[in-house]
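I have placed the structure first, in the form of structure tokens, so that the comments after it can refer back to it.
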Amino acid sequence: MSLANSVVILDFETTGLSPNWGDCAIEIGAVRIQEGEVVDRFQKLMNPGWPISGFIEDYTGITNAMLADAPSSSEVMHQFADFIGDDNLVAHNASFDKRFLDAELEKISRTYTGKFACSMMVARRIFQDAPNHKLGSLVDYLHLQSEGTFHRALYDSEMTTKVWLAMLNEICERQCSRTVSFELVQRLMKTPKKSVQRLLQPANR
DNA sequence: TGCCAGGCCCTCTTTAGGGCCTT
């Protein structure tokens, strides 16, 4: 069970929901997997330049004191752009993380070439019986081992990785195949739920 | 300090509205 090429699974903690309203990243966490195995990790806090709200301190556990000594987002995002290289990218509710990745990289005139896949959109199709498709709920639904604190970037990216690998395994089993292409996952994301079974028939390998 | 967005999906739909998910 694997993707042929390495993939970076990432998660941002931010000051809010929208970079268009002045929100910015305060932490990036990421895991690189290759052939179903974790081969690298990245985790950095970044100082947004102003105090974050009490709500975000409570929600993430990241405090203003922790951010006071953190490097600037510019410094961290240069390092992260180097880390992701040309790899494809995965996030849970990827539209959210993609908006912040695009916004933070635009500030430093960097870009990336990989394509995004959304673990939440895939989960809605593969695990249609799950009670909901929040990251924590999927971890419980799949009985995945979890010892840590949700809403921290590296931990959430580690848990997204476990969900992602469980989904790849499920796709392989339904297709009677040993590997899954990133292109198939992207097609799956755009497939209506009722057509998923037909897409994943062994003949469509 | 508290607020904001946006893409997807479903249905009581498509000339729309609201829930899900992310911080």
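In the text below, chain A, chain B and the rest are named by the order of the sequence lines, each starting its count at 1.
Look at the C1' atom in both dA16(B) and dG2(B): the space between them is 30 Å, to the nearest Å. Nucleotides dG18(B) and dT13(B) place their P atoms 13 Å apart, quoted to the nearest Å. The gap from the C1' atom of dT1(B) to that of dG19(B) amounts to 28 Å, rounded to the nearest Å. The C1' atoms of dG6(B) and dC12(B) are separated by 24 Å, rounded to the nearest whole Å. Spacing of P atoms, dC21(B) relative to dC3(B), comes out at 22 Å, to the nearest Å. Annotation: dC10(B) and dC4(B) have their C1' atoms spaced 25 Å apart (nearest Å).
A heavy-atom distance below 4.5 Å is found between the side chains of Gln128(A) and Val196(A). In this structure, Phe12(A) and Met46(A) have side chains that are in contact, with non-hydrogen atoms separated by less than 4.5 Å. With a 4.5 Å cut-off on side-chain heavy atoms, Phe42(A) and Ile84(A) do not count as touching.
For the pairing with Ile26(A), the side chain to side chain contact (heavy atoms under 4.5 Å, CB included) check across Asn47(A), Asn64(A), Leu67(A) returns one residue only, Leu67(A).
Using a 4.0 Å heavy-atom cutoff across all strands shown, Phe12(A) reaches sugar-phosphate atoms only and no base atom. Across all strands shown, Leu135(A) has heavy atoms under 4.0 Å from sugar-phosphate atoms exclusively, and none from any base. Contact annotation for Asp23(A): base contact, defined as any heavy-atom pair under 4.0 Å involving a base atom.
Ring planes of Phe150(A) and Tyr155(A): perpendicular class, angle over 60° (limits at 30 and 60°).
The stretch residues 52-71 of chain A touches DNA chain B through Phe55(A), Ile56(A), Tyr59(A), Thr60(A), each having a heavy atom within less than 4.0 Å of the strand.
Closest to the side chain of Arg99(A), from the set dG6(B), dC21(B), dC10(B), is dG6(B). Nearest to the side-chain atoms of Phe96(A) among the listed nucleotides dC4(B), dC21(B), dT23(B) stands dT23(B). Checking dA5(B), dG7(B), dT23(B) against the side-chain heavy atoms of Asn20(A) singles out dA5(B) as nearest. Among dC21(B), dT23(B), dA5(B), the nucleotide with an atom closest to any side-chain atom of Lys134(A) is dC21(B). In this structure, the nucleotide among dC21(B), dT23(B), dG6(B) sitting nearest to the side chain of Arg124(A) is dC21(B).
No salt bridge links Glu75(A) with Lys44(A); every basic N to acidic carboxylate O contact stays at or beyond 4.0 Å.
The interatomic distance linking Lys98(A) (NZ) with dA5(B) (P) rounds to 19 Å, in whole Å. Here dC21(B) presents its C1' atom at 11 Å from NE2 of His151(A), a figure rounded to the nearest Å. Per the geometry, CE belonging to Met121(A) stands 11 Å off P belonging to dC10(B), to the nearest Å. The distance between atom CZ of Phe116(A) and atom P of dT22(B), rounded to the nearest whole Å, is 15 Å. In this entry the distance linking CE of Met120(A) with P of dG6(B) reads 16 Å, nearest Å. The CG atom of Asp102(A) sits 19 Å away from the P atom of dA5(B) (whole-angstrom rounding). Computed from coordinates, the Leu138(A) CG to dT22(B) C1' distance equals 13 Å when rounded to whole Å.
When the salt bridge (charged side-chain N to carboxylate O under 4.0 Å, His left out) test is applied to Lys115(A), no partner is found at least two apart in sequence or on another chain.
In terms of phosphate contacts, His92(A) brings no side-chain nitrogen or oxygen within less than 4.0 Å of OP1 or OP2 of dC21(B). OP1 or OP2 of dG7(B) has not a single side-chain nitrogen or oxygen of Asn93(A) nearer than 4.0 Å.
Judged purely by atom type and a 3.5 angstrom limit, Glu27(A) uses its side chain to pair as donor or acceptor with the backbone of Ala153(A).
Checking Met189(A) against Asp97(A), the closest nucleotide of DNA chain B that is more toward the 5' end is the one next to Met189(A).
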